[in-house]
A.B. asks: 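So that we are looking at the same thing, I have put the structure below in structure tokens.
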Amino acid sequence: MPELPEVQTVVTTLSSHVVGKKIRKVLHVRRDMITPDGFDFAAAIKGRTIESLTRRGKRIVFALDDANRFFIHLGMSGKLTAESAKAPILPHTHLIVDLGQSRQLRFRDPRRFGEIRWLGPTVGDEKMGPEPLVMRASQLAAKLKKTKRAIKNALMDQNVIAGLGNIYVDESLFAAGINPLTLASDLDEDAIRRLTKSIKSTLRRAIRHRGSTLRDYVDANGAAGRFKRLHRVYGRKGEPCAKCKTPIERIVLGGRSTCFCPRCQPL
DNA sequence: GTCCATGTTCTTTA
DNA sequence: CTAAAGAACATGGA
């Protein structure tokens with residue numbers, strides 16, 4: 001579920017439920033979802049007030065009133081919701097926090113690829129790439145010239161650019177007319193400028209439509225995203241390209257399915 | 001039973 | 001040594 005647009009939508013919809021709220025009680029924690037190993041997360045957050053909720057890449061960052069921070073990463077199947085204390089507790093719920101007024105913050109993640117990481121007073125993002133929505137083409141160029149991988153694989157790397165995943169890399173490359181197999185270091189200045197713009201416009205449009213729900217992604221209020229039907233290549237193998245009607249192709253790159261238009265994105 | 005999945009990290013290979 | 005490719009993680013749906 002969770003690439004930048006979905007994570008941003010969760011942050012937006014969750015904010016009003018948690019910012020300024022005090023953590024009254026930690027009702028449930030699955031300890032092996034917590035990093036670092038063995039850290040007493042419940043004790044660290046109990047009684048604290050949540051001062052802000054922000055996003056960095058795909059991380060949902062909670063800042064507490066004692067200047068400590070933690071983040072929740074949704075992995076593949078994570079859902080972070082604010083619900084009534086009376087709502088049934090679904091299977092694979094790994095964190096339940098009482099925020100008062102019969103509201104609970106809940107984290108559910110069947111596949112358990114997600115993570116709750118205690119940061120303490122640090123920011124902990126120094127290795128991460130730039131934020132796509134505010135980055136400049138020169139920042140992306142500096143990262144891409146250093147790697148000799150296919151552009152698809154480079155853009156999937158959170159240390160190159162933060163927040164993209166399989167859907168939005170494919171969609172952005174289509175919008176920019178760049179073949180996913182192109183060597184990252186082979187892209188010229190013009191192509192990187194085009195790519196930067198395509199990434200931004202693709203993500204902004206996806207956020208406007210509240211993200212993509214492929215199977216079961218929902219925001220903090222349980223609402224699905226509407227962007228899937230606007231995908232132009234992802235999950236559209238064999239369908240005619242929106243621009244030129246050539247059938248969309250699917251290949252495997254970096255172990256991930258990769259969809260593109262062979263005519264609009266020539267090598 | 002098989003294959004596939006919105007992600008990351010550890011291991012193996014070149 | 002480093003960078004890139006591959007395997008592994010855990011669950012559920014088609």
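Chain letters run A, B, ... following the sequence lines, proteins first and then strands; every chain starts at 1.
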A.B. asks: Counting the atoms with a prime plus P, OP1 and OP2 as sugar-phosphate, which does A/Arg250 contact under 4.0 Å by heavy atoms, base, sugar-phosphate, or nothing?
C.D. replies: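 Counting heavy atoms under 4.0 Å across all strands, the contact made by A/Arg250 is with sugar-phosphate only.
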A.B. asks: Should stems be defined as at least three consecutive Watson-Crick or G-U pairs with both distances under 3.5 angstrom, which of them involve DNA chain B?
C.D. replies: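 Correct response: B:2-5 with C:11-14, B:7-14 with C:2-9.
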A.B. asks: Ignoring backbone atoms, test whether A/Ser257 places a side-chain nitrogen or oxygen under 4.0 Å from the OP1 or OP2 oxygen of B/dA5.
C.D. replies: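 For B/dA5, OP1 or OP2 has a side-chain N or O of A/Ser257 closer than 4.0 Å.
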A.B. asks: Just to be sure I understand the geometry, which residues of residues 161-178 of chain A put a non-hydrogen atom under 4.0 Å away from DNA chain C?
C.D. replies: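 Output list: empty, so none.
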A.B. asks: Do the side-chain N or O atoms of A/Thr147 get closer than 4.0 angstrom to the phosphate oxygens (OP1, OP2) of C/dA3?
C.D. replies: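 For C/dA3, neither OP1 nor OP2 has a side-chain N or O of A/Thr147 closer than 4.0 Å.
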A.B. asks: Going 5' to 3' along nucleotides 8-14 of chain C, which nucleotides have protein heavy atoms under 4.0 Å from the base (write B), which only from the sugar-phosphate (write S), and which from neither (write -)?
C.D. replies: -BBBS--
A.B. asks: So is A/Lys46 actually on top of A/Phe41's ring, under 6.0 Å and inside 45° of the axis?
C.D. replies: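 No, A/Lys46 does not sit over the ring of A/Phe41.
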A.B. asks: Send over the distance from A/Arg59 CZ to B/dG7 P, rounded to a whole Å.
C.D. replies: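 A/Arg59 atom CZ is separated from B/dG7 atom P by 15 Å.
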A.B. asks: How many whole angstroms separate atom OH of A/Tyr217 from atom C1' of B/dA5?
C.D. replies: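 One finds 17 Å between C1' of B/dA5 and OH of A/Tyr217, rounded.
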A.B. asks: Are any protein N/O atoms closer than 3.5 Å to N/O atoms in nucleotides 12-14 of chain B? If there are, list each pair with its distance.
C.D. replies:
none

A.B. asks: Going by heavy atoms closer than 4.0 Å, what residues in residues 196-211 of chain A are next to DNA chain C?
C.D. replies: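 Hits under 4.0 Å, by residue number: none.
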A.B. asks: With under 30° as parallel and over 60° as perpendicular, where do the rings of A/Phe107 and A/His94 fit, or are they tilted in between?
C.D. replies: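 Taking A/His94 first and then A/Phe107, their aromatic rings stand perpendicular (interplane angle over 60°).
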A.B. asks: State whether A/Arg210 and A/Asp219 are salt-bridged, where the test is any N-O pair (Lys NZ or Arg NE/NH1/NH2 against Asp/Glu carboxylate O) under 4.0 Å.
C.D. replies: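 Yes, A/Arg210 and A/Asp219 are salt-bridged.
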A.B. asks: Would you mind reading off the distance between A/Met128 atom CE and B/dT8 atom C1', rounded to a whole angstrom?
C.D. replies: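 Distance, rounded to whole Å: 11 Å.
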A.B. asks: Touch check for A/Gln158, heavy atoms < 4.0 angstrom, all strands: base, sugar-phosphate only, or nothing?
C.D. replies: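 A/Gln158: backbone/sugar contact only, no base atoms under 4.0 Å.
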A.B. asks: Would you mind listing every salt bridge (Lys or Arg N to Asp or Glu O under 4.0 Å) that reaches into residues 17-30 of chain A, with sequence neighbours excluded?
C.D. replies: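 Counting only pairs at least two positions apart or across chains, the salt bridge (Lys or Arg N to Asp or Glu O under 4.0 Å) contacts touching residues 17-30 of chain A are A/Arg30-A/Asp32.
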A.B. asks: Between atom NZ in A/Lys148 and atom C1' in C/dA4, what is the gap in whole Å?
C.D. replies: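 After rounding, the reported distance stands at 9 Å.
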A.B. asks: Measure from CZ on A/Arg256 to P on C/dG6 and round the result to the nearest Å.
C.D. replies: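 That distance rounds to 14 Å.
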A.B. asks: Take the protein atom CG of A/Asn153 and the nucleotide atom C1' of B/dT8, then report the distance between them rounded to whole Å.
C.D. replies: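 A/Asn153 atom CG is separated from B/dT8 atom C1' by 14 Å.
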A.B. asks: So with a 6.0 Å cut-off around CZ of A/Arg136, is the heavy-atom count from everything else above 12?
C.D. replies: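 It does not: A/Arg136 CZ has 12 such atoms or fewer within range.
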A.B. asks: Among the candidates B/dA5, C/dA4, B/dT9, find the nucleotide nearest to the side-chain atoms of A/Arg117.
C.D. replies: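 Per side-chain heavy atoms of A/Arg117, the pick is B/dT9.
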